[in-house]
Amino acid sequence: MTDRDHLPGNPSGNPFGTSITSADIGETMEFLEDWEERYQYIIDLGKSLPSMLEADRTDDSIVRGCQSQVWLNARKDGDRFWFQADSDAFIVKGLLGVILSAYNGQTASAVLAFDIDGYLAQLDLLRHLSSARSNGLRAMIDRIRSEAASQH
Amino acid sequence: MNAMATPLDVAALRGQFPILSTEVNGHPLVYLDSAATTQKPNVVIDAISDYYRFDNANVHRAAHMLADRATTAFEGARKKVARFIGSDDEKQLIWTRGTTEAINLVAYSWGNRLQPGDQILVSTLEHHSNIVPWQLVAERVGANVIPISVSDEGEIDLDAFRSQLNGPVRMVAVGHVSNALGTVNPVEDIVRLAHDAGAVVLLDGAQAMAHQTIDVHKLGCDFYAFSGHKMYGPTGIGALWGRTDLLVDMSPWQGGGEMIDQVSFGGTTYQQIPYRFEAGTPDIAGAVGLGAAVDYLNSLDRDEIAAHEDAVLSYAVERGEDFEGLTRYGCAHQVSGAFSFLMEGLPSADVGMLLDQQGVAVRTGHHCTQPLMNRLGISGTIRASFALYNTFEEVDRLFTALEKVRTMLS
Ligand SMILES: Cc1ncc(COP(=O)(O)O)c(C=O)c1O
């Protein structure tokens, strides 16, 4: 358990969507020029995503279709969705942070309405990812959206 | 530069592989994934394209000029590949899609004779394609697939193997060279011990063909399986070599055209070997391309090539020893082609991605050898694998790139 687990109003235990927003990430990425700075930023974002407890990494939480191991759990608090996520790779954790910043703490309709393609295009991320990685990213997004859709 | 430079003109060799001058993410490509598939020299690419430009027709069928040329090219390639592995009878060479299909063919077709309780021994080093086909046949006939243990260094435990041979072992299926660790197995000893116990031996030669001269008779094995794409040939073609007396006794495994003698609803009879095992239109262009790869290898001084490859691998191992946080996996007596390692605290997937950003292509993960990874207590490795076109400078670039990766991830 990290301290953040005890923050009122954020049961996800991570800073994405609250203290690190998608707007923050968008602005920073626009400012970073070369691949090294951009990857470094993604890696650092990944380090801000706390590891999930072993007990939370259930079979059901595994996101299929990713090259790396990815776990994702959704929790609904009132009408808001909170996501815990983890991976065995920092870059993938960073990418999880990038998308959680758009979805964490949102209502189902906000999750579904969010223009994720526009956001990813703004970050110019996909150009730097292999097709397997972008498929994995897509799988994570689909998972989040279907959680929201199923409880709409 | 380092002192181990060999007389081989590697720059000239590299010039024959057009893809090696590619840039990746703004860097000249350093291709260290030849164990997954080797790159192709111009002569192979040209042979395939020339085949389609000038000779294309279906084989063994029509009475016209092109069909005759295609058949001659196709059967000529079979002969070349058979000679290349020391067989003087090309009927012993069955075209397959690769190693995987060759092993499946034996498991299915030879495996028909297995009885409940029979044992199939496979080493813990094996690629999944030398495990799963045996599990499938074992399930079908009630036989058992039993692993041969390997040491921490990644070597087959011959003493354990010897005592396992006291059981009702009918088949011993082992790799010639491990794709994950590079271990060169003592296959001649394994064959001798297995034969003494009355078992048949299949060798998975996928990782051996590019690096050493193969003589199936000298090895003494009963079956030898390999892939064209791991020996500078095209994907989609490979072969099974088998002992004639075993092959002629094996039932067909896929039915269709090419493999039949007479077809009627009263009963169908089958072709002789090798055609009995080659149902349907084969990969003719692939066979021709593999023939060209064999010509290419035959045109080189293979001892010189092997010495160069070993020197490059040794250089990588040596640099790895001095590299902080690097642990090498697989320290067998004899290794070939692959350098497998982990970086302390650095997830392999990240390392692979960040190396790629710097133009260095490696493979990360379990390398289709999950039982081996379990044995070693890890989930995978980072693998740099080498072929004749790799250089000492590329090893240096790997380590320079690794240093940057470490800085970025720490
Ligand atoms: C040792 C070994 N066996 C079998 C295979 C399977 O070869 P293919 O995929 O060409 O059938 C490979 C390929 O990675 C291998 O390295």
Side-chain angles (χ1 to χ4, degrees), chain A residues 28-29 32-52 54 57 59 62-72 85-98 120 123-140, chain B residues 19 22-33 36-37 128 325 327 341-370 373-374 376-383 397 400-410:
Chain A
T28 310
M29 285 292 271
L32 298 175
E33 296 266 307
D34 65 5
W35 77 270
E36 203 177 322
E37 288 174 342
R38 295 164 68 86
Y39 265 82
Q40 191 68 64
Y41 177 58
I42 301 282
I43 290 164
D44 294 341
L45 287 177
K47 290 183 174 167
S48 315
L49 185 65
S51 298
M52 271 165 67
E54 201 65 49
R57 298 180 182 181
D59 252 13
I62 294 175
V63 182
R64 314 268 165 203
C66 301
Q67 253 184 344
S68 298
Q69 285 264 56
V70 174
W71 298 270
L72 189 119
D86 202 357
S87 168
D88 51 6
F90 289 123
I91 294 170
V92 177
K93 286 181 77 160
L95 294 174
L96 284 165
V98 167
L120 293 177
L123 301 185
D124 194 20
L125 257 183
L126 296 178
R127 196 163 55 88
H128 292 275
L129 292 178
S130 68
S131 58
R133 291 285 163 203
S134 4
N135 289 341
L137 195 63
R138 197 43 72 188
M140 301 171 211
Chain B
I19 211 169
T22 309
E23 286 210 341
V24 170
N25 295 318
H27 303 272
L29 168 67
V30 174
Y31 186 72
L32 301 180
D33 198 18
T37 196
H128 296 161
T327 306
F341 61 96
L342 285 175
M343 297 295 302
E344 194 181 344
L346 312 186
S348 297
D350 290 311
V351 175
M353 279 186 270
L354 294 173
L355 288 178
D356 180 50
Q357 283 300 314
Q358 300 173 75
V360 179
V362 297
R363 182 159 172 191
T364 62
H366 56 60
H367 315 300
C368 302
T369 56
Q370 283 179 332
M373 295 300 137
N374 288 337
L376 298 174
I378 54 182
S379 60
T381 69
I382 303 157
R383 181 188 69 188
R397 278 211 33 214
T400 306
L402 270 178
E403 247 151 51
K404 172 159 275 177
V405 170
R406 187 166 52 195
T407 313
M408 291 184 72
L409 288 172
S410 304

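In what follows, every heavy atom counts, from backbone to side chain, and hydrogens, waters and symmetry copies are set aside. Here is the naming used below: chain letters follow the sequence lines, and residue numbers restart at 1 for every chain.
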- Judged by atom type as modelled, is there a donor-acceptor pair below 3.5 Å linking the side chain of B:K404 to the main-chain atoms of A:E36? no
- Query: Which heavy atom in B:P347 sits nearest to a heavy atom in A:F90, and how many Å separate them?
  - Reply: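 Shortest heavy-atom contact: CD-CE1, 3.5 Å.
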- Minimum heavy-atom distance between A:V92 and B:M353, given as atom pair plus value: CG2-CE, 4.2 Å
- Query: Using non-hydrogen atoms only, which part of B:L346 is less than 4.5 Å away from chain A: side chain, backbone, both, or neither?
  - Reply: neither
- Against chain B, label A:I91 side chain, backbone, both or neither, depending on which of its atoms sit under 4.5 Å from a heavy atom there.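 Contact with chain B involves both backbone and side-chain atoms of A:I91.
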- Distance from B:L409 atom CG to A:K47 atom NZ, nearest 0.5 Å?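 Taking CG in B:L409 and NZ in A:K47, the distance rounds to 6.0 Å.
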- Note on the structure: Here the gap from B:S348 atom OG to A:D88 atom CG, rounded to the nearest 0.5 Å, amounts to 9.0 Å
- For the residue pair B:L354 and A:Y39, establish whether any side-chain heavy-atom pair is separated by less than 4.5 Å. yes
- Task: Give a yes or no on whether B:E344 atom CD has more than 12 heavy-atom contacts from other residues, nucleotides or ligands under 6.0 Å away.
- Result: no
- Could you walk me through whether B:D350 and A:I43 pass the side chain to side chain contact (heavy atoms under 4.5 Å, CB included) test, one step at a time? CA-CA 9 Å; B:D350 290 311; A:I43 290 164; 5.5 Å; no
